[in-house]
Amino acid sequence: MRVTTRPLGSHTPTAGGLAKTALPYIDAAGSAATQVYVSNSRGWALPPGDAAQDALFRDGCLERGVPAFVHASLLVNIGSPTPATVERSAATLSHGLARGAAIGARGVVFHAGSAVDPAHYDAALKQVRETLLPLLDAPDGPLLLVEPSAGGGRSLASKVDHLAAYFEAVDWHPRLGVCFDTCHAWAAGHDLATPGGMTATLDALVATVGPGRLRLVHANDSRDECGSLRDRHETIGAGRIGLDAFGELLRHPATAGIPVIVETPSTAHEGHAADIVRLRSLHP
Ligand SMILES: [Zn+2]
C-alpha cells in the first residue's frame with residue numbers, strides 16, 4: 001500500500017460480516033484508513049459482534065497498516081432534553097468503545113449533539129459531562145472523537161469555536177479528540193470555498209482545542225450553500241466546497257498524519273475509490 005502522510009480511506013459497509021465485507025471493500029476502494037458502524041446507523045440495538053470476524057478484521061487492518069474507526073449511531077444525542085435518549089446514547093457510546101476495542105479501532109466518532117430547546121442548553125452541557133467523563137476515564141481502548149454537527153436544533157458544537165465549551169465540560173479530558181467534517185463545517189457557516197477559508201477554519205480549530213486534538217477528518221463535499229445547516233454530502237470537487245479547499249485541507253499542518261475518510265455518495269466502492277484518487281492527486 002502506498003505510503004501517505006495522511007492515510008486516505010472511506011466509510012466502509014459491513015453488512016454480511018465485518019471482515020468478510022469490509023476487507024475486500026478496503027482493498028477495492030484503495031483505502032489506507034477505514035470507518036465502520038458497529039450497530040445500525042439509525043437504530044438503538046447494540047449487537048454483540050462476532051469474535052471470529054472481529055479478529056479477522058483487526059488482523060486484516062493491521063496487515064494492511066489501515067487505521068480503523070467506529071462511527072456511533074446517528075441517533076446518539078447526549079444533549080437531548082429526553083432522558084431516555086441520553087441513556088440510550090450513553091449505552092451506545094459504551095458499546096461502541098467496547099466493540100471498537102475488540103476490532104482494534106483507534107477512535108469512536110459521535111456527533112456533538114444538540115440541546116433541541118435553547119432553554120435546555122446549560123443542562124445539555126452538564127449531560128455531556130456526566131455522560132462522557134465515566135467513558136473517558138476508561139484506562140485504554142479507543143478514544144472518543146466528537147464531531148461538530150451541521151448546526152440547527154441548538155447544536156452543542158457546529159462551528160469550531162463552540163468546541164471550547166464542549167471540552168471545558170469534560171475538563172479538557174486527554175481522551176477526547178475531534179473529528180472534523182468538512183460538509184458539517186460548511187453547513188454550519190465556515191466558508192471553506194474562499195481561498196484560505198479551509199486553512200483559516202483549521203487554524204481556528206487548533207486555536208480552540210489546542211494541538212493534537214484533531215484525530216480524524218471526514219472529507220465530504222456539499223450539495224448545499226455555506227451556512228445552509230443542511231448535511232447532504234457530495235463527491236469531492238463536484239459540490240459547493242470545491243477541489244481547492246480539499247487541497248488546503250491536505251496541506252494544513254494540523255492534518256499531517258491524520259486519517260481522512262470520505263463519506264461521499266458511492267455505488268459499491270467505485271465513488272469512494274475515485275474520491276480517494278482525487279484527494280491523493282491534490283497532495284501526492
Ligand atoms: Zn461525518
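Note that these values count all heavy atoms, side chains included, but never hydrogens, waters or copies made by symmetry. In listed order, ligands and their atoms are each counted from 1. Numbers here are sequence positions counted from 1.
Minimum-distance N/O/S atom of Glu147 relative to the Zn ion (ligand 1): OE2. The Zn ion (ligand 1) is closest to atom ND1 of His218 (considering only N, O or S atoms). If you look at Asp181 and ask which of its N, O or S atoms sits nearest the Zn ion (ligand 1), the answer is OD2. When you scan the N, O or S atoms of Glu263 for the one nearest the Zn ion (ligand 1), you land on OE1.
Val277 belongs to no hydrophobic cluster with other residues, because no ILVMFWY side-chain heavy atom falls under 4.5 Å from its own, directly or through intermediates. When hydrophobic residues (I, L, V, M, F, W, Y) are linked wherever their side-chain heavy atoms come within less than 4.5 Å, the members clustered with Leu216 are Phe69, Val109, Leu143, Leu145, Ile261.
Distance check for His71 against the Zn ion (ligand 1): none of its N/O/S atoms falls below 2.8 Å.
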Exercise for review: Just do the side-chain contact (heavy atoms from CB on, under 4.5 Å) check on His283 and Phe246 with the steps written out, would you?
Suggested key: CA-CA 9 Å; His283 187 64; Phe246 291 96; over 6 Å; no
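Of the possible polar contacts, none joining the Thr194 side chain to the Leu192 backbone as a donor-acceptor pair under 3.5 Å is found.
Residues Val36 and Phe57 are in side-chain contact: their nearest non-hydrogen atoms beyond the backbone lie under 4.5 Å apart.
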